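Report on one structure; see the data block that follows.
Just so it is clear, the model here is predicted, and its values are computed rather than measured. All chains are named by letter (A, B, ...) in the order of the sequence lines, taking the proteins before the strands, and each is independently numbered beginning at 1.
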2 protein chains.
Amino acid sequence: MERYRDIGLKLTPQRLAILEFLDGNTSHPSAEDIYNAVKEKFPTMSFATVYNTLETLRKRGLLLELNIDPERKRYDPNIEPHHHMICLRCKKVVDVHFEFDIKIPAEQLKDFHLLGNHIEFYGICPDCR
Amino acid sequence: MERYRDIGLKLTPQRLAILEFLDGNTSHPSAEDIYNAVKEKFPTMSFATVYNTLETLRKRGLLLELNIDPERKRYDPNIEPHHHMICLRCKKVVDVHFEFDIKIPAEQLKDFHLLGNHIEFYGICPDCR
DNA sequence: GTTACTGCAAAGCTTTTGCATCCCT
DNA sequence: AGGGATGCAAAAGCTTTGCAGTAAC
């Protein structure tokens, strides 16, 4: 956790609680999920603090903002490149740690300069079958 | 256009204008883009009508709702499975019509029943280079 | 004539912002 | 002590909804 202070972040108790909740979390929580979780420790916690902290972390490259849910932003503390499997029924999102070798044919690529990719897999999870 | 009536949709002038704007459109417009475009023909056009029509089309599988933009929903009249290339600078979205052979290793797949996938490619488009 | 659609306005959600206060360093 | 963070409330932006009037079938 000291590494946060090293990059110029003030380690307030609220932030520590948010960081602790996010650390190793693979549930891809929304801002509200985070707010609800941390509010138990800090009843005065506000959405502003949650959003401010998330934005601060994102700007420093310590957090990813995911577009996998059309209704709200989801956050992922795992900044390693990876993909996601989404259950169409319960909306659960599972990480897929595997590097796929996908190459776009040159005639489609034109002069686009590729920097990365993200795959969303859709299906039905074991629990929903 | 008659096919819309065949599936039980009333062909109002407003709807025809929306359908005409969407037909063959590869710009992945937002609801506001569609509203602005159609408002020129129908100054009384309301967002309610745009959203109602989009939702009606989506429910009938005639339109895709895209999650590629965290700020707003984008719509795609091309319902053929395809992927997207997104310019990180100008946010332009280009279709990628190519089927990639991607298989998730069994130990990652678990008992997830896969139904489809969508790849977002990130990079810089020729215009922005 | 029925039924579904339109358009306005209001409301609902998520996210952002202004600002006074607070507290980490 | 100083500068950034917190928390409240208000506002902003996108999307949905209620409802009365209207038009397609």
Side-chain angles (χ1 to χ4, degrees), chain A residues 1-22 28-60 62-75 91, chain B residues 1-22 28-60 62-75 91:
Chain A
M1 289 289 167
E2 285 307 307
R3 68 191 175 108
Y4 293 108
R5 186 166 11 231
D6 294 345
I7 58 174
L9 294 184
K10 284 190 181 173
L11 287 188
T12 66
Q14 292 88 339
R15 276 194 175 168
L16 281 170
I18 293 174
L19 288 169
E20 194 179 321
F21 175 73
L22 287 176
H28 312 86
S30 65
E32 189 176 6
D33 294 335
I34 297 166
Y35 171 75
N36 287 333
V38 180
K39 199 181 172 63
E40 297 184 10
K41 270 192 183 171
F42 292 91
T44 63
M45 171 71 57
S46 75
F47 268 106
T49 297
V50 172
Y51 279 110
N52 285 341
T53 300
L54 294 175
E55 178 61 8
T56 299
L57 293 173
R58 193 196 59 75
K59 276 207 296 242
R60 286 185 165 61
L62 300 170
L63 184 69
L64 293 180
E65 213 176 84
L66 302 181
N67 294 345
I68 48 184
D69 183 339
E71 311 306 326
R72 60 189 58 74
K73 292 178 183 171
R74 303 279 212 106
Y75 297 89
K91 309 295 177 197
Chain B
M1 289 288 168
E2 284 307 307
R3 67 191 175 108
Y4 293 108
R5 188 169 7 234
D6 294 345
I7 59 175
L9 294 184
K10 285 189 181 174
L11 288 189
T12 66
Q14 292 88 339
R15 275 194 177 169
L16 281 170
I18 293 174
L19 289 169
E20 193 179 322
F21 175 73
L22 287 176
H28 314 85
S30 65
E32 190 177 5
D33 294 334
I34 297 166
Y35 171 76
N36 287 333
V38 182
K39 198 181 174 63
E40 298 185 10
K41 270 194 184 172
F42 292 91
T44 62
M45 170 71 57
S46 74
F47 268 105
T49 297
V50 172
Y51 279 111
N52 285 340
T53 301
L54 294 175
E55 178 61 8
T56 299
L57 292 173
R58 193 196 59 75
K59 278 207 296 241
R60 286 183 166 64
L62 301 170
L63 183 70
L64 293 180
E65 212 177 85
L66 302 181
N67 294 345
I68 49 183
D69 184 340
E71 311 307 326
R72 58 189 61 74
K73 292 179 182 171
R74 303 278 213 106
Y75 296 90
K91 308 296 177 197

Approximate separation, where rounding is to 0.5 Å, of B/L64 CG and B/Y75 OH: 11.5 Å

Close side-chain approach of B/I7 to B/R60, heavy-atom, < 4.5 Å: yes

Spacing of A/F42 atom CZ relative to D/dA5 atom P, expressed in whole Å: 16 Å

Heavy-atom protein contacts under 4.0 Å, nucleotides 16-25 of chain D, coded B base, S sugar-phosphate only, - none: BB------BS

Atom of A/D69, atom of B/N67 and distance for their closest heavy-atom approach: N-ND2, 4.3 Å

Contact nearer the 5' end of DNA chain C, comparing B/T56 with B/P43: B/T56

Inter-residue atom distance B/L9.CG - B/L19.CG, 0.5 Å rounding: 8.0 Å

Residues A/E71 and B/K73 bridged, charged N to O under 4.0 Å: yes

Evaluation steps, side-chain hydrogen bond (donor to acceptor under 3.5 Å, both in side chains), between A/T49 and A/N52: CA-CA 5 Å; A/T49 297; A/N52 285 341; 5.4 Å; no

Nearest-angstrom distance from the residue atom OH of B/Y35 to C1' of D/dT15: 14 Å

Expected output: side-chain B/R74 to main-chain B/L66 donor-acceptor under 3.5 Å: no

Beyond-backbone contact of A/M45 with A/V50, side-chain heavy atoms, under 4.5 angstrom: yes

Nucleotides bounding contact with chain A, strand DNA chain C, heavy-atom threshold 4.0 Å: C/dT14 to C/dT25

